[in-house]
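Down below is the structure, laid out as structure tokens.
In this text the structure is predicted, and so the values were computed from the model without any measurement. The analysis underlying the following values was restricted to heavy atoms, covering all of them including side chains, and did not include hydrogens, waters or symmetry mates.
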Amino acid sequence: MTADLVRTLRFMYKSLDRAFCQAENVPRLDHFFSLFFQRTVRLSILRASTGRGAEFYDACSSHLIDNLPGVRWLSLPEDVKTEIDTILSDLEALDFAELSEDYYETRRLYMILGTCLFYKGYLLANHLPKEDLIDVALYCRHYYLLSLASERIGQLVIWREVFPGYHLVKDRSPSRDEYSPPEARYFLLIVGLKHFMLCTLLEAGGCTSKAVGNPGPDYIYVDQLKACLLQLEMLDTSIEERLHTSPNPCLSCADWFLPSARDKFQSVVNSVMMSKLQTPKKALISDHQTSLRTRRPSPTRSSGGSDNGSEGVGETVGFHSTPELTRKVGRRESQGSGGSEGSGGSGSVLKIGKKKYTLPNPFNLGSLRRSLSEREAEDVYKTVKLTSGSENTLFHYIYLETVQGVFISPTHREVEDLSGSIHPLLIQNFHRCCLSIRSVFHQTLVEERQSDSTCKDYAGLGPVKEHGVLFECSPENWTDQKKSPPKMSYWVIG
């Protein structure tokens, strides 16, 4: 947290000396640290509460996410992403009439070094170097601009001079062939409209006119950014569809794997599904998917012993495709099978024995298949299941891409949909464990650099490549005195 504070202050004031030693910066720093302490205390209070929703997810994940060298990325369909990149590239080219040098027969005021586009706090596109992106994201997060965009912005314009460290580094090798940044000044222009927020890094000097004094935002650049956002509004529907589609890869709720929840729904679901079962006319599963069904089943989910209610189900593709599809099939079926909405079987056959009851495949229900639209049916077969075994046991994930400075994780909507009594606790434990796992990896890297030789002759004595923590959890409010509360075990692995 201290390192991020120092980095943000240097981005805003160039150095800590300039920030703290100039008298006019005193009220600005008071406001700066007031926001910092308010955010820290508020997140601590929210972490202590047993809440739900987006605020709780932000609070328990801030321990880890605020310290990651990256920004939360929202993956989009290829056609939507191409459209966004094209619009931003046209803006950065500065080929508009008022911005061209021939229009006024003078040099341009600024050159656009790059842009990044946010939607409801998610990064949609980035044309900035990684270091500049992290500087801009830290500034926006500190002043609550990302959370502001998640609500709704009437109109937002922010203009200030900044000092990006990536462009101001002077200790590079003085090679004749190497590019050296010009003696220039840099400005950050942020324009927000509704849920969109466009951040632009401008350069004055070099091939453009030199900035004198404290110039304000040029109205031509502001208007062009607004026009760019108005052009991006036509993609609003496609982006909202992406936010409301099913998680891909599939996710499960921890509460679905408790034996009590499974037993509660087993008899009801079996009786309902038996009456609706119909034989499919045509198999809709590919060869590589059917080969996955030969895998060995996953280990037992609870420490109280294996649950026979889910044996014999072969599954390959995710079942959860859209919220509408979820409502059609219902969560009770997922709970009854011990899987998630993303782990329905793809070609299982109903097996009836004395003790083993296997839920019929929801895709075998003729009425359900007829009610699916082409879009929903396509989503069903595009869904990715990451875990092996007969059931989808992926609860949460974070993947950090250090080269681009972005990370992907489930969206707020996806986490809210997986509500329960144990799942929020699992989300908290996950982010807390990831901090410990990252510290193990960092310590390993330090020791690896310090040691002259490593034990390469013996397997397992080298640097740590994988680290995991095993948890056991059970419902907190267990009222049945005769039975012990059911337990479920899960791993957090990095």
Exercise: identify the closest heavy-atom pair between C140 and I190: SG-CD1, 4.0 Å
Pair R72-S409, side chain to side chain donor-acceptor pair (under 3.5 Å): steps then yes or no: CA-CA 7 Å; R72 190 190 294 271; S409 63; 2.6 Å; yes
Min side-chain heavy-atom separation F471-C433 under 4.5 Å: yes
Under 3.5 Å donor-acceptor, H244 side chain and E240 backbone: yes
Salt-bridge present (K130, D135; N to O < 4.0 Å): no
Note, Y119 side chain near D236 side chain (heavy atom, < 4.5 Å): yes
Worked verdict on L232 versus L117 for side chain to side chain contact (heavy atoms under 4.5 Å, CB included): CA-CA 10 Å; L232 287 167; L117 177 68; 3.6 Å; yes
For the student: nearest non-hydrogen atoms of L29 and A19, plus distance: CD1-O, 3.1 Å
Atom pair NE2 (H396) and CD1 (I427), whose distance is rounded to the nearest 0.5 Å: 4.5 Å
Any side-chain heavy-atom pair of R438 and L64 under 4.5 Å: yes
Aromatic plane relationship, H31 with Y143 - under 30° parallel, 30 to 60° tilted, over 60° perpendicular: tilted
Main-chain N/O of R432 paired to H63 side chain as donor or acceptor, under 3.5 Å: no
Sidechain-backbone polar pair: D255 side chain, I422 backbone, donor-acceptor under 3.5 Å: yes
Side-chain heavy atoms of F118 within contact of S150, under 4.5 Å: no
Candidate pair Q38 and S34, rule side chain to side chain donor-acceptor pair (under 3.5 Å), full reasoning: CA-CA 6 Å; Q38 283 180 21; S34 175; 3.2 Å; yes
Pairwise side-chain contact, V162 with Y139, heavy-atom cut-off 4.5 Å (strictly under): no
Side-chain heavy-atom pair Y221, Y110 within 4.5 angstrom cut-off: yes
Ring pair (Phe, Tyr, Trp, His ring centres under 6.0 Å) partner of F395, chosen from F430, F257, W256: F257
CZ-CG distance between F11 and D4, expressed to the nearest 0.5 angstrom: 13.5 Å
Main-chain N/O of V222 paired with W159 side-chain donor or acceptor, under 3.5 Å: no
Passing option when T115 is tested against V136, I87, L201, L91 for side chain to side chain contact (heavy atoms under 4.5 Å, CB included): L91
Student check: side-chain heavy atoms of Q231 and D90 closer than 4.5 Å: no
CD1 on I84 to CG on L124, rounded to 0.5 Å: 5.0 Å
Any side-chain heavy-atom pair of L88 and C228 under 4.5 Å: yes
Atom pair CG (L400) and CZ (F407), whose distance is rounded to the nearest 0.5 Å: 8.0 Å
Flag if over 12 foreign heavy atoms under 6.0 Å of CZ, R141: yes
Ring-face cation contact, Y13 with R160, 6.0 Å cut, 45° max: yes
Derivation of the side chain to side chain contact (heavy atoms under 4.5 Å, CB included) call for L123 and L133: CA-CA 10 Å; L123 181 67; L133 171 65; 4.0 Å; yes
Residues V492, N429; criterion side chain to side chain contact (heavy atoms under 4.5 Å, CB included); working and verdict: CA-CA 8 Å; V492 177; N429 288 339; 5.5 Å; no
Pairwise distance CD(Q404) to CG(L128) - rounded to 0.5 angstrom: 12.0 Å
D30 CG: over 12 foreign heavy atoms closer than 6.0 Å: yes
Donor-acceptor contact below 3.5 Å, side chain H142 vs main chain F32: yes
Aromatic ring pairing Y57/H412, orientation class (parallel under 30°, perpendicular over 60°, tilted between): perpendicular
Side-chain ion pair, R7 and E131, N-O less than 4.0 Å: yes
Interatomic spacing from CD in Q224 to NZ in K226 - rounded to 0.5 Å: 12.0 Å
Any donor-acceptor pair under 3.5 Å from R152 side chain to H195 backbone: no
Side-chain donor/acceptor of R185 to backbone N/O of A211, under 3.5 Å: yes
Criterion salt bridge (Lys or Arg N to Asp or Glu O under 4.0 Å) on R39 and D58, from CA distance to verdict: CA-CA 11 Å; R39 185 171 187 273; D58 283 334; over 6 Å; no
Worked check of side chain to side chain contact (heavy atoms under 4.5 Å, CB included) between R242 and S75: CA-CA 8 Å; R242 165 62 186 88; S75 58; 3.4 Å; yes
Shortest non-hydrogen contact from S61 toward H431: CB-NE2, 3.3 Å
For the student: nearest non-hydrogen atoms of T393 and T387, plus distance: N-OG1, 3.3 Å
Minimal non-hydrogen separation, E203 against A184, with atom names: CG-CB, 3.7 Å
Basic-acidic side-chain contact under 4.0 Å: E151, K194: no
Main-chain N/O of T86 paired to S89 side chain as donor or acceptor, under 3.5 Å: no
Distance-minimising heavy-atom pair for M1 and N67: N-OD1, 3.8 Å
